[in-house]
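The next block holds one structure in the form of structure tokens; read it before the comments.
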Amino acid sequence: KTAVTKVGAGVADVVHGFTGKEEYEFGDIAKTAVTKVGAGVADVVHGFTGKEEYEFGDIAKTAVTKVGAGVADAVYDFTGKEKYEFGDVTKTAVTKVGAGVADAVHDFTGKEK
């Protein structure tokens, strides 16, 4: 076999392995690449949203839900309250700052109050 024949056979094997087609037609590589990338994207979207079928807006809705859950967890961790009510973060911050000031005064003076 000539070098060109060997290279051609090697390329044909690679194309067949990638596309799964015995006979190459113009555009097969691009079409296969798009299909494979699309499948990868679909897997990522499914992993993120938990939905088998994507509908417009699913990614944004899931992101908002996950961020909201993260914010809710952070508020709970900060306030210790299961259900948020307006002013809870401010009240907790004032309480914690006040406790910090009281601790600082105690450390400086050695007095409890």
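The shortest distance between side-chain heavy atoms of Tyr54 and Ile59 falls below 4.5 Å.
Partners of Glu82 by salt bridge (charged side-chain N to carboxylate O under 4.0 Å, His left out), not counting sequence neighbours: none found. In this structure Glu52 satisfies the salt bridge (charged side-chain N to carboxylate O under 4.0 Å, His left out) test with no other residue, sequence neighbours excluded.
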Using residues 14-21 as the side-chain source, report each donor-acceptor pair under 3.5 Å to any protein atom, sequence neighbours left out, with the distance given to one decimal.
| from | atom 1 | to | atom 2 | distance (Å) |
| --- | --- | --- | --- | --- |
| His16 | ND1 | Lys21 | O | 3.0 |
| Thr19 | OG1 | Val15 | O | 2.9 |
| Thr19 | OG1 | Lys21 | N | 3.1 |
| Lys21 | NZ | Asp28 | OD1 | 3.1 |
| Lys21 | NZ | Asp28 | OD2 | 3.2 |

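The hydrophobic cluster containing Val75 also contains Val67, counting ILVMFWY residues as joined when their side-chain heavy atoms lie under 4.5 angstrom apart, directly or transitively. In terms of hydrophobic clustering, with Ile, Leu, Val, Met, Phe, Trp and Tyr side chains grouped at heavy-atom distances under 4.5 Å, Phe86 and Val71 are assigned to a common cluster.
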Verdict with reasoning, Val89 to Tyr84, per side chain to side chain contact (heavy atoms under 4.5 Å, CB included): CA-CA 8 Å; Val89 172; Tyr84 172 78; 4.0 Å; yes

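More than 12 heavy atoms of other shown residues, nucleotides or ligands fall within 6.0 angstrom of atom NZ in Lys66.
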